[in-house]
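I have placed the structure first, in the form of structure tokens, so that the comments after it can refer back to it.
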Amino acid sequence: MRTGGRRDPARAAYEQALALEPGNVLALARLAGVARASGPDDPLIGRLRAALKAIGTGSPDERMARADLGFALGRMLDEAGAYDEAFATYAQANRDSRLIPGRPARAMTGRRRRRWSTS
């Protein structure tokens, strides 16, 4: 859902979707996209962590869900100032996304990695 700057209605829509279907990974990941982290102990960070723990790694759907939740959790952790954990979470989400057949990896290519390196 594109929010067009209307975060409160978007957040309410995702919360409503989660009330109807608590295991809706996409709604939870998108909720994190419109939310603001209050700190490392933000309840939404806890929800994202719990959802990640509950999802397996075997099927492409599970890997896609793990990648989506991982990127959402990484963004929330980064915003909360938990930079080391955010980096590790992004790295795992990148690994998960590379395992999805037919889905381009979100990881940087080698060329871009060199371009952004500080050395």
Side-chain angles (χ1 to χ4, degrees):
M1 172 185 283
R2 294 187 154 248
T3 63
R6 298 182 309 250
R7 290 183 183 275
D8 290 338
R11 185 180 177 115
Y14 291 128
E15 289 286 9
Q16 183 179 11
L18 288 164
L20 295 171
E21 188 182 343
N24 188 324
V25 170
L26 185 61
L28 182 58
R30 298 302 179 265
L31 174 61
V34 297
R36 295 286 180 234
S38 59
D41 296 327
D42 188 286
L44 184 52
I45 290 175
R47 288 169 71 184
L48 290 162
R49 285 182 176 139
L52 268 170
K53 284 183 183 178
I55 295 174
T57 59
S59 75
D61 286 344
E62 288 171 329
R63 286 184 231 131
M64 184 176 293
R66 291 186 65 76
D68 287 342
L69 288 171
F71 287 117
L73 177 57
R75 190 198 70 73
M76 291 287 291
L77 289 166
D78 183 65
E79 186 173 282
Y83 304 117
D84 291 340
E85 189 178 357
F87 183 82
T89 302
Y90 279 134
Q92 182 61 53
N94 273 316
R95 285 189 295 275
D96 289 334
S97 71
R98 280 191 223 107
L99 297 173
I100 302 167
R103 183 174 180 188
R106 292 185 183 181
M108 288 185 183
T109 63
R111 192 181 89 203
R112 289 190 83 193
R113 191 176 302 116
R114 283 190 300 274
R115 185 176 131 212
W116 288 101
S117 86
T118 57
S119 51

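Owing to the predicted nature of the structure, the values given are computational and were not obtained by experimental measurement.
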Requested in this report: Please confirm whether the backbone N or O of L31 pairs with a side-chain atom of R11, one donor and one acceptor, at under 3.5 Å?
Outcome: no
Of all heavy-atom pairs linking L69 and A51, the shortest is CD1-CB, 3.7 Å
Quick check: do F71 and N94 have side-chain heavy atoms less than 4.5 Å from each other? yes
So do L44 and L28 actually touch side chain to side chain, heavy atoms under 4.5 Å? yes
Smallest heavy-atom separation, A86 atom then G74 atom, equals CB-O, 3.5 Å
Contacts table for residues 15-26: side-chain donor-acceptor under 3.5 angstrom, sequence neighbours left out:
{"residue": "E15", "atom": "OE2", "partner": "R47", "partner atom": "NH1", "Å": "3.4"}
{"residue": "N24", "atom": "OD1", "partner": "L26", "partner atom": "N", "Å": "3.2"}
{"residue": "N24", "atom": "OD1", "partner": "A27", "partner atom": "N", "Å": "2.9"}

Sorted by chain and number, sequence neighbours left out, side-chain contact (heavy atoms from CB on, under 4.5 Å) with S59 holds for D61, E62
Applying side-chain contact (heavy atoms from CB on, under 4.5 Å) to A72 and not counting sequence neighbours gives A29, A32, L48
Residues pairing under salt bridge (charged side-chain N to carboxylate O under 4.0 Å, His left out) where one sits in residues 69-94, two or more places apart or in two chains, turn out to be R36-E79, R49-E85, R75-E79
By salt bridge (charged side-chain N to carboxylate O under 4.0 Å, His left out), R95 pairs with (sequence neighbours left out) none
On a heavy-atom basis, the closest approach of A10 and V34 is CB-CG1, 4.1 Å
Output for pair (I45 CD1, M76 CE), nearest 0.5 Å, gives 5.0 Å
Distance col, row L73:CG vs D68:CG, nearest 0.5 angstrom, shows 12.5 Å
